[in-house]
Amino acid sequence: MTSRGEPGDIRSEPGPGVIMGERRRLMNLTYRLLGSLADAEDVVQETYARWYAMSAPERRAVESPGAWLTTVAGRICLNLLGSARVRRETYVGDWIPEPLPEPTEWIAGHSGAGGTDPVDRITLDESVTMAFLVVLDAMTPAERVAFVLHDVFRYPFGEVAEIVGRTPAACRQLASSARRRVRGAAAPEGPDAEQARIVRQFRTAWEAKDIDALIALLDPDATATADGGGLAVTHPHPIVGAERIARAYARIARVAGDGRTFLECTVNGVPGLVAQQDGEIATVFAFGIAGGRIRHIWAVRNPEKLRTWRIGSQSCGG
């Protein structure tokens, strides 16, 4: 992936347009590897810094700049994933990947900024749903990198091995192990229209504090996990069971009072909810839905993970 030409080769240095043209692909890769838009941005910036830290002759010697940038970004992510496991031992409460809005639903700072915001560079597909990212987060760093590079971005195992630092055969085994995790844990999603209908019904029942209606929409073994990062009040542990979730969410609605409003928005490419408290965004909700019922609720309240949502004026459903 980082192949260089022979010492006698003469080639022109890739122009800035060629190099910066890789930025979208790098953002898509690093967000899926890290589950954090801020961390993905940092990795991409560091990757470019390393490219421009090389001398002009060194840059000219790189046969494939895109492959070089991918290799460097992948290795940085691999190191970060290892250290992230240590950092999360001191994280307050549960850690949930950073949710992404649909750029077209957030006017100021996104579509109105000429597509320069980092979220505009993330392709929202099935590989960035919250359910998928949560499964990725349970993998070992090597499993995650091998799986995302091969199964999502279609890199051959020979190139994956160069990033992970293992043999192609070992990377094949890592990806296979990761694939089993995905099959065993990722809930099958229904069509977007069905998901949107269920999310809307959940919103209506929640606003009405209708516990029976909430229970009917939840899988009996549903889980609700919240991420406040010690910066926002949340339930300290996941809530398990439809009735417990329904009663807990009804209490939240009573405490929030009339100042709480909901918006139906796209969260990581699928229907979700945004809760505003007195006009300020307080929580982003992602849902895992299967069999016509909600199996998982992920509520992100950590304000550091909601910066992208607070940039612009929302145009999603009120």
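The basis for the numbers below is simple: all heavy atoms, side chains too, and nothing from hydrogens, waters or symmetry mates.
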Are the side chain of [X] and the backbone of [Y] linked by a donor-acceptor contact shorter than 3.5 Å?
X: D137; Y: L133; result: no
X: E162; Y: T71; result: no
X: W68; Y: E63; result: no
X: K305; Y: S36; result: no
X: D94; Y: T225; result: no
X: E13; Y: R60; result: no
X: R181; Y: S176; result: no
X: E207; Y: T204; result: no
X: R144; Y: R32; result: yes
X: R59; Y: P14; result: no

For the student: nearest non-hydrogen atoms of [X] and [Y], plus distance:
X: A142; Y: V164; value: CB-CG1, 4.1 Å
X: R293; Y: I198; value: N-CD1, 4.4 Å
X: W309; Y: C265; value: CZ3-CB, 4.3 Å
X: L29; Y: V148; value: CD1-CG1, 4.0 Å
X: V199; Y: G272; value: CG1-O, 3.9 Å
X: V43; Y: A73; value: CG1-O, 3.8 Å

Between D125 and T123, does the side chain to side chain donor-acceptor pair (under 3.5 Å) criterion hold? Intermediate values first, please.
CA-CA 6 Å; D125 59 21; T123 302; 5.9 Å; no
More than 12 heavy atoms of other residues, nucleotides or ligands under 6.0 Å from [atom1] of [X]: is that the case?
X: Q173; atom1: CD; result: no
X: R166; atom1: CZ; result: no
X: E194; atom1: CD; result: yes

Could you tell me whether the side chain of D192 reaches within less than 4.5 Å of the side chain of P271, counting heavy atoms only?
yes
Donor-acceptor pair between D39 and Y31 side chains, under 3.5 angstrom
no
Within this structure, what is the CZ-CG distance for the pair R203 and L273, rounded to the nearest 0.5 Å?
7.0 Å
Apply salt bridge (Lys or Arg N to Asp or Glu O under 4.0 Å) to residues D227 and R301 and explain how you reach the verdict.
CA-CA 6 Å; D227 177 348; R301 288 182 49 77; over 6 Å; no
Is there a path from F153 to L33 through hydrophobic residues (I, L, V, M, F, W, Y) whose side chains come within less than 4.5 Å of each other?
yes
Under 4.5 Å between side-chain heavy atoms, hopping through other hydrophobics if needed: is there a path connecting W95 to L34?
no
Hey, what's the ring geometry for F132 with F147, parallel, tilted or perpendicular (30° and 60° as the breaks)?
tilted
Are F202 and F287 an aromatic pair, judged by ring center distance below 6.0 Å?
yes
Decide if the gap between the ring center of H150 and the ring center of F157 is smaller than 6.0 angstrom.
yes
